[in-house]
Structure formats: C-alpha cells, structure tokens
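Report on one structure; see the data block that follows.
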Amino acid sequence: MEVVPFEDVTADCAAAEGDGTLAAWKKAHRKAFAAACEEIGRNFDESMKCVCEYFDVVYRAVGQ
C-alpha cells in the first residue's frame, strides 16, 4: 500500500487495478473523484491523496 497525490499515481498502480493505461485510469478516476468531492462540497484537486493498494492472490477457486 502507498499513499500518493492523484497526480503521482503510477502506471503500475493503474495496471494493478486492471484499468489499462494510466491515462484511462486517471480519466475514469478524475471523473469519479470529482463527483464524490462535489457531493461533500469540495473541489477535486490533483494533489489530493490516493491510496494505492496491492494484493496477492492466495487462493483461486476451481474454474476461476
């Protein structure tokens, strides 16, 4: 896990989340984060912190 400003999220983080390119990740998340900020009366800012979490698959069900 790492906490970084939105503007510093890496391509590795975007790829780990399964969202393809960093540009695609930022486009989708900028829209979602801006909407969430609007709901609470804030303005989205690219310096806002993001939590990037990484997980290891330890068990995969049969057929998955």
Side-chain angles (χ1 to χ4, degrees):
M1 180 184 97
E2 60 184 334
V3 180
V4 298
F6 179 88
E7 61 200 357
D8 293 338
V9 170
T10 65
D12 288 341
C13 178
E17 200 167 312
D19 289 346
T21 67
L22 178 58
W25 184 94
K26 285 195 172 187
K27 181 179 179 182
H29 285 75
R30 185 179 291 113
K31 183 177 179 180
F33 294 161
C37 285
E38 186 177 322
E39 286 181 21
I40 61 170
R42 295 193 64 181
N43 291 319
F44 173 75
D45 183 307
E46 295 220 358
S47 67
M48 290 179 162
K49 304 289 188 200
C50 287
V51 177
C52 299
E53 295 179 297
Y54 302 89
F55 298 92
D56 292 323
V57 175
V58 296
Y59 175 79
R60 192 174 301 271
V62 175
Q64 300 259 324

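Quick caveat, the model's predicted, so the values are computed rather than measured.
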>> So which atom in Cys50 and which in Val9 form the shortest heavy-atom distance, rounded to 0.1 Å?
In response: CB-CG2, 4.1 Å
> Can you name the side-chain contact (heavy atoms from CB on, under 4.5 Å) partners of Val57, sequence neighbours left out?
Replying inline: Arg60
> Do you see a donor-acceptor pair shorter than 3.5 Å between the side chains of Asp12 and Thr10?
Replying inline: no
>> Going by the rule side-chain contact (heavy atoms from CB on, under 4.5 Å), which residues pair with Val58 if we only count those two or more places apart in sequence or in a different chain?
In response: none
> How would you list, by chain and number, every residue that makes a side chain to side chain donor-acceptor pair (under 3.5 Å) with Asp8, sequence neighbours excluded?
Replying inline: none
> Nearest 0.5 Å, what's the SG-CH2 distance between Cys52 and Trp25?
Replying inline: 6.0 Å
>> What I'd like to find out is whether the side chain of Pro5 reaches to under 4.5 Å of the side chain of Lys49, using heavy atoms alone.
In response: yes
> Considering residues at least two apart in sequence or located in another chain, which fulfil the side-chain contact (heavy atoms from CB on, under 4.5 Å) criterion with Glu46?
Replying inline: Phe6, Glu7, Arg30, Phe44
> Who else is in Val3's hydrophobic cluster (ILVMFWY, side-chain heavy atoms under 4.5 Å, direct or via others)?
Replying inline: Met1, Val51
> Got a sec, which hydrophobics cluster with Ile40, joining ILVMFWY side chains under 4.5 Å apart, including via others?
Replying inline: none
>> Holding to side-chain contact (heavy atoms from CB on, under 4.5 Å), I want the full list of residues that pass it with Phe55, two or more places apart in sequence or in another chain.
In response: Glu53
> How would you list, by chain and number, every residue that makes a side chain to side chain donor-acceptor pair (under 3.5 Å) with Tyr54, sequence neighbours excluded?
Replying inline: Glu2
> Once the angle between the rings of Phe33 and His29 is folded into 0 to 90°, is it parallel (under 30°), tilted (30 to 60°) or perpendicular (over 60°)?
Replying inline: perpendicular
